[in-house]
Each structure stands twice: as structure tokens, then as C-alpha cells.
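Being a predicted model, the structure only gives us computed values, none of them experimental. All chains are named by letter (A, B, ...) in the order of the sequence lines, taking the proteins before the strands, and each is independently numbered beginning at 1.
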Number of protein chains: 2
Amino acid sequence: VGPEALSLWESKSTFTSFGVFFLQMGWGDLGAFGEPSKETPNLDQMASEGMLFLDFYTANPLCSPSRAALLTGRLPVRNGFYTTNAHARNAYTPQDMVGGIPDSELLLPELLKKAGYINKIIGKWHLGHRPQFHPLKHGFDEWFGSPNCHFGPFDNRALPNIPVYRDWEMIGRYYEDFKIDLKTGEANLTQIYLQEALDFISKQQTSQQPFFLYWAIDATHAPVYASKHFLGTSQRGLYGDAVREIDDSIGKILHHLQKLGISENTFVFFTSDNGAALISAPKQGGSNGRFLCGKQTTFEGGMREPAIAWWPGHIPAGGVSHQLGNVMDLFTTSLSLAGLQPPSDRQIDGIDLLPAILQGELIDRPIFYYRGNEMMAVRVGLYKAHYWTWSNSWEEYSKGIDFCPGQNVSGVTTHTQEEHTTLPLLFHLGRDPGEKYPLSFASDEYQRAMERISVVVQQHKVTMVPGEPQLNVCDKAVMNWSPPGCEKLGKCLKPPESDPKKCFWPH
Amino acid sequence: VGPEALSLWESKSTFTSFGVFFLQMGWGDLGAFGEPSKETPNLDQMASEGMLFLDFYTANPLCSPSRAALLTGRLPVRNGFYTTNAHARNAYTPQDMVGGIPDSELLLPELLKKAGYINKIIGKWHLGHRPQFHPLKHGFDEWFGSPNCHFGPFDNRALPNIPVYRDWEMIGRYYEDFKIDLKTGEANLTQIYLQEALDFISKQQTSQQPFFLYWAIDATHAPVYASKHFLGTSQRGLYGDAVREIDDSIGKILHHLQKLGISENTFVFFTSDNGAALISAPKQGGSNGRFLCGKQTTFEGGMREPAIAWWPGHIPAGGVSHQLGNVMDLFTTSLSLAGLQPPSDRQIDGIDLLPAILQGELIDRPIFYYRGNEMMAVRVGLYKAHYWTWSNSWEEYSKGIDFCPGQNVSGVTTHTQEEHTTLPLLFHLGRDPGEKYPLSFASDEYQRAMERISVVVQQHKVTMVPGEPQLNVCDKAVMNWSPPGCEKLGKCLKPPESDPKKCFWPH
């Protein structure tokens, strides 16, 4: 960041706190990004007071790897959040996952802690549920939330329900102590997570300590829920109710920062961990606008995310940026704001976005789209080249599992893994954001663009040192049978014998 | 409109002028509606200063009928702008069209004239090109533009090029005197049309006469053009260049109104005559956002339009309306603002939008989707029922003509004309704006919604008195061989013998 921008924020604040809203919404779920019901007044206002990023990406089309990438500033293939059990498979951390975030990875809160920050995660962790992966062992000072998503088991008594933690100990389990009514969709969780955020911010304001708040709640993940006050209020059904409640909560958090007079000392970023899950549409699925397909895929619908930066008094109101951004940039940008350097002993993929945010610069950098350890596609400028395509298998598709409902583009949304490494499928995302019209291989435009892209890809591949894959081994014995605190609640369950197996990832 | 709102504008102005920007852009072509390149700063600002309509429709998925509907306040099936040569066909006014707007129709400018307005059309008329259909015979005082679109013939010398008129006389022809370079896409026309608008507004401000300016230019219609200054400036290719030039022009016109101090006396509305033509995508086609299909179809992509009302000092800035609106409403709303009643001797389909615009009311009204004289679909509230579906024929489709590229939804985007009159296909446009998931016929929701819709449809059909169809007969002898003024320019051509035939409409 240049000296002018630096002096701008240094003059106004002795320290900068960070808030990251890491949600599970699609590009097209926000009014500011064109959702036709326009039911996100608070996020739209956040955008109009801050800066809208139109070309912002997540690091993976699935939750766990994206979260690992945000907190490490590194691609999942480097930080170990991938599988090699099969080619080009998405993987995450279900309850029987043996692996998690390696100790060797340096997480944003670990680094911020050294600079005097207090760090809290509210919501879903998703970087491993075994004791060694606990967020308080990886830099967070406080935690209220769950190690996994609430999507199962649904209180079936044969498997442990997902535990909810306060700091070191479990204080209950989803469906048992933290109710989610699967019939009505009612749950009070977003309100609880909101109150946690407000209380945490109030406390830090009193102590004058800089903070990092990672608000990673999961109300829009299937099974979708909302609290009573919001049920039935959206034109979009239950999913819209959940979006409205999240929008309302974010409005309240931003308003709280303003009321406490610390909004100018708090850099806030909103984005998402993957595209909306179109398999859950229309009842529980969101929208990726006009982008192709959704979650699980490396088409734009799977990885292009809504993104807003907000920092009153620093970021000009109503700004719009075409900077190619990535959730990994939040790592590097936060360190930059805290006056810290990113670690120099490893490859960091995230870049410092401050020149883009404060000075309107456009930094030339590619976006890589991975499934597992396979680089499926790359974006350079407005061009995107697919080296591999597939959505999911014919076998799954024939059972009704469709990541691209109503959107099948011949030769693009393939149901077998198609290799295009010799002649990548190339799209111009300005003229064709929906990835419907591959450029002619014979065209000059194709040749010129691929020359530039090939250099980027070659450099990437030559310098790539993959991390040890963490998402290969599953074992029911490691599930949340008896998390710390279970004895106080009388909720300890007996684990089965250990029986480690290769995890199976269907897509 | 209620007394409060009335007094609001009556107190501020002795008269209200009108500007209607009637373009050919899709819902998804504006940044304010979610176009990812966000290249329409002036339209976005118009929206932020005025009111965005999110549920606004045109009266037909094709140009001529929509234009007839806007100016008469009546559905094309009433004002005669349809064909009965085949079932469910779109029709317009090519140069060999014998018919046009009937004298019996009362056009908005005819009515406004009686209240002292001066009316000008700039751009495409499209309501018939023979002398009796001339816009100056139907209420306009001034015209600069063409009776038809510029999409052909392309100076092939065997057929007359489209004439460009100033008032009563032709002053040249497209491609001959008004150049459009089909190779580079360069044409200066939008700049000429912009200057016409600025000059007209200046003149009226001097004379203190209320005006109606109908700015109906066609730069985004294929073959797309832009002037040199805008060529190559968009991320979206030539189509985006044209959009940027239109956006820039609209910004200049609004700024001109403000500079002259008459913006508070001028009600301005921006909308479109049909959805973006996806057959021209990606090089010359726009975007309908996440809506299904495009121009020529009765899916949302064919008829849902971007719409913005702007009237500083009257319309609250940043307003958003979910009022179901239609281009026909501009007829009734303009009359209301001029203190006039709509004609009582005929059915008027347009409603007065002022209660929605000034008081935030939601008026219950249906939207009808026609092709020819067939009611294909109807929207009531958030439900849309399709009674007939088809995009275009298999024969056309097999030749590569596709109105729904990359969007084929099984059983919905059909290539044969499918009748659903007994059990309409029903969609909930809130949960499913992309019309991908028809509701189950057996569901309670289907039953409840269809009960309500059936009443609306029955009432509509019982009271429907179709007008005499004007778009059935074609004859090369009536083409623009020798428009008035041709002799001065030495541009009179010899017409062939009259040979009237049924017009052929492929879709």
C-alpha cells in the first residue's frame, strides 16, 4: 500500500480491528448483485457505504477448503485441505474425518495474536473436529459455534449430533440442545450468533483491545432455518427468510460498531465460502445470478462470490472494484492492516487488497479453480481457461443430483471428467459471464489469450509444492462421541472400535 | 393518486413534462440490476436518485407490438398489433408490411396535444411505415428517426434501405447517408439522437411549453453499433460499447434537465421493449440476468424489463417498487400527470402508477404474456401460469436459432407448441425467478394459486374484444421505395407491382 493510503488510516486510528462475515450465499442472493426480490437492505447499504467487489472468488467450491484458505492465505492444495483418493474430488471435514488443519499451518488469528489482537470465531469452524484441531489451539481466543455444519445427523441417536462449543467445551448438541425444527425450518441460532457478536464487540470496545471477529454462521446451508420472526417474510421462501435474518443481523452488527464509535477503526469484509448450492433449489437453494452452475463446481457459479469491503472514513462510499480477489487475500490484507508481514517461509497465495481498496489500483493476478489437487481452470484478466470440466457423474445425475439445473451447456457442464489440457476451453467472462460460448480454437483471440495464460499456468505448476493431503482418511471412532464437557452434561457416547478407511468423495 | 401526493407535485410545478427512454436492453444489462461488469453508472445513478421497478414488464416479447402498447395503453391484441396467420406467432412491421397503427387508436401524444403538450419522437417508430401511419399523423409534432429498425437491408441496392426522417420528409437512408460500419460496428447515430434530445429540451425550456419526449433509439439492436469514442471501451464487447454510449447519453439528458432547472417538472421513465435477444449472444446480445430465455419468448427473459422512474423532488431517492408494472402503464400514468382522463370508450390495460411511485402502494393487477392473439401465460402476484409454451420450432432450432442458449429446461422451453390450458405449468417467481421448477399439480399450493389465477384469466377472456389484426398482409410494393422527400435527394426508387401475400412469421 502506498504512503498516502497508509497515512490516511494511520492518522485516524491507533489500531484496526477486523470483522469477517463468511457466509454461504451465492453471488445472486444480494439485492446489490441483482437478486430480483431485493430483500437485503442492510447488505445493500453496506455496499453503498463501502466497496463492492464484482470479481471476487473463493479458493474452492466447497466449505472446509475455502475456510482453510481464508485463515491460512494459502490454496487448499498447499495447506492440505484436499483429497487424493480420487481425481478432481471435492472434500471437507465430516465427523468421521481423521484429518484437519495441520499444526504447521500459520493461521491469521495466530499471527494477529502476537500483535495484541483478541480473536473470536462465531459459528462453523470446519477445519477438523478432533482435539488437536480445536480453534483455540490455532490462534482463536474464543469460540462459540460448532466444528461442523448442522446438516446431519438429525438426532438419529445412532451417531453423535454435532456439538456446539463455548470455548474449550461442548455446551450441547444440535437438534438436542440447540433446536432446529426440520419441519417448520424454525431455529433461533442466528439470533444467538448475533448476540455473541454484539457482546464480543462491546467487550473489546471497553477493553480498547484490537480484535478479529470471524462470524461464520451457517443459516443458509441446508437444512435452511430462520427464527420465528423471519419465517415466511421473504418472497423467496425459507432460504430467503434465512438470508433476511442474516442481512438484518449484519445490519445490527455494523450499526453496533457505529454506535460504539469504532466503525472507523474496524475493517469489515463480507463474502462467501462457495457458490449457492443449486442442488437444494428452489426450496433451500440460493442464487448465483447468471453464473453457470453452483457449489461443488469450478464454473463461475461455484466460486464467484458476493464481496463487500466496509470501513467508514477510509473506503470511499459507493466504490466498485474489478480487482480479481480471493478469500485468501483477507489473510494478507488483515496482516497488512495490523502492520504485520505475512510469513516468509512458505508460499502465500493471498495478496494485499489495500491498494485496490484505498487507491483503486488493479493488481494483475490469476485466479485458480481447484477440485482436489487438480487445477481445473484459471482466470487471467477477463479470460478463463478450463483444463478439466465436470459437474458430477452420470450415475449421480441420473439419480437427480444436478449441480447445474436448467443450465446444461453442451461440452461444458460435462458428466464425465473431460480433459482439455492440450486445448483448454476458453471463455471471455466480460462478453460471456455465463460460460456458454467457448472461443473458437482457431481464432486469433484464442491464441493470444492462451499464450498469456500458459505462462501463468506453467509458472504455477512448476513452483507448486502440495501439502500433505488431510482429507483422505475417515474413521467413525474419531466422531464427536465424547467431546470435552460431555461428562458435565451427561452426553458422553461410547465410540466404536477404530476402523480407518479411505474417505469416499462422490464428486 | 391521493390528495397528498397530488398537492406535492401540483405545488411544485405548473406543468409536468415527460421523457420516456424506450430502449432495447435486457433486465441484466444494467449494473443496478446485477450486470457483473457494472458499466452503466448513469442509469445506476438514475435509479439511486429515483425508483427501481423490479417487476416491470413489456406488453409483448417483440418490438412493434410493445411500442404500440406503450403509446395506446392497450394490449397488442386490442390495438391490432398482432397476426392471425399462424398460432402464437410474434409479428412486427418489416418494410413490406401493409398494416400499421389504426386511425381508430388514440395515442398518448394525440391526447397530450389537447392539453398543450409538444411531442417529439427520436428514433424508431415501428408502428407502420406507409404515409397514413406517419407519427406526425398520430399526435407527434416532431420526428427524427426511422420507421423501422436498421437491421436490414444492408445497402444491397435491390431493396430500399430504411429511410431516416426529419418530421414529414426523408432526409436520407441508413447505410447510404447514415453510415453504420458493419465490420467495425462504428456509427455516429446515438450521438445524433442525443443531440436531438438536448436541442428539443432546450427549445421547450425556452418556450415554457410542456413536452413529451419519446427517445426510442436502437443502438443495442443487432447489428449493434457505437460511435468511435465508445468502441472497445466495454468489458462486454460491442454490445457493451453500445450500452455504455446509451448510458452516457441518458446521463447527459438528465443532467441537461437539471442544468436547465426543469428536472423537478419532468417525469422520466426508462424501460425496454423486449428482453435481450439471446440469439445474438455473445457478440451482439445482451443479458436478461437470471431470467429464462430472451426476446421472442414469453418466459421472464423475454418480457421482464429493467425499469426506472426519475423525478427529483417528487420520487424519493433510492426507492424500490415491487408493483407489477407494464409499459402500457406509462400511457395512463402520463395522462394522470397531465391532469387528463384516459379514453372511456375503449378498454385501457395500463394503470396509473402514481400511487405506487409516490405513495408506495401496491396495486393488485395481473400481467398477461401474449404471442399473437394467444395468451401464453399470466402472472398474478408471485405466481406465473403458462397456458402454452414454446420457444421456437425444432426446424429453426436445428439450424442454430436458439432463444434459450444454455438454458433448456425440460418440458418448459419446448420446441413444439405445447398446450397446458387444462393444467397450466405454474411457477413461483419469488423462489424460482428462473422458471426451472414447475409446482407439483397435486400440491395444495398449486390448487390455491390456480383458483385465484383462473378467475383472473376467465374475466380477461370473457371481456376480450380483439382488434382487427394489422400484421397479416405483406406486399413488397409498399416498401420505402419513394418516401416523401426522396425526389429532393434523388433517392426515389421504383416500386414493383403490388402482390399482397400473407406475412410469414417463423416463430
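Taking every heavy atom of both residues into account, A276(B) and G286(B) meet most closely at CB-C, 3.5 Å. Summarising the geometry of V409(A) relative to G406(B), their closest heavy-atom pair is CG2-CA, 4.0 Å, with the distance given to 0.1 Å. In terms of heavy atoms, A219(B) sits closest to I246(B) at CB-CD1, 4.1 Å.
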Under 3.5 Å, which donor-acceptor pairs link chain A and chain B? Put them in a table for me, please.
| unit_1 | atom_1 | unit_2 | atom_2 | d |
| --- | --- | --- | --- | --- |
| S37(A) | O | H322(B) | NE2 | 2.9 |
| S287(A) | OG | R290(B) | NH1 | 3.1 |
| R290(A) | NH1 | S287(B) | OG | 3.1 |
| H322(A) | NE2 | S37(B) | O | 2.8 |

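Heavy-atom pairs under 4.5 Å with chain A peak, among P282(B), G430(B), G240(B), at P282(B). Of all the listed residues (A281(A), P433(A), G289(A)), the one sharing the greatest number of non-hydrogen pairs under 4.5 Å with chain B is A281(A). If you tally non-hydrogen atom pairs under 4.5 Å between each of L382(A), L30(A), L52(A), L292(A) and chain B, the highest count goes to L382(A). No other option in G34(B), G285(B), G434(B) has as many heavy-atom pairs under 4.5 Å with chain A as G34(B).
In this structure, F291(A) and P36(B) have side chains that are in contact, with non-hydrogen atoms separated by less than 4.5 Å. Residues L238(A) and L231(A) are in side-chain contact: their nearest non-hydrogen atoms beyond the backbone lie under 4.5 Å apart. Between L54(A) and F33(A) there is a side-chain heavy-atom pair separated by less than 4.5 Å.
Residues passing the ring pair (Phe, Tyr, Trp, His ring centres under 6.0 Å) test with F56(A), sequence neighbours excluded: F53(A), F269(A).
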- Message: Could you go through M25(B) and L43(B), starting from their C-alpha distance and side-chain angles, then the distance that decides it, and tell me whether this counts as side chain to side chain contact (heavy atoms under 4.5 Å, CB included)?
- Response: CA-CA 12 Å; M25(B) 286 154 69; L43(B) 285 164; 4.1 Å; yes

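Looking at L439(A), neither its backbone nor its side chain comes within 4.5 Å of chain B, counting heavy atoms on both sides. For P405(A), the parts lying under 4.5 angstrom from a heavy atom of chain B are both the backbone and the side chain.
Here the straight-line distance linking atom CD1 of I401(A) with atom CG of L278(A) works out to 14.0 Å at 0.5 Å rounding.
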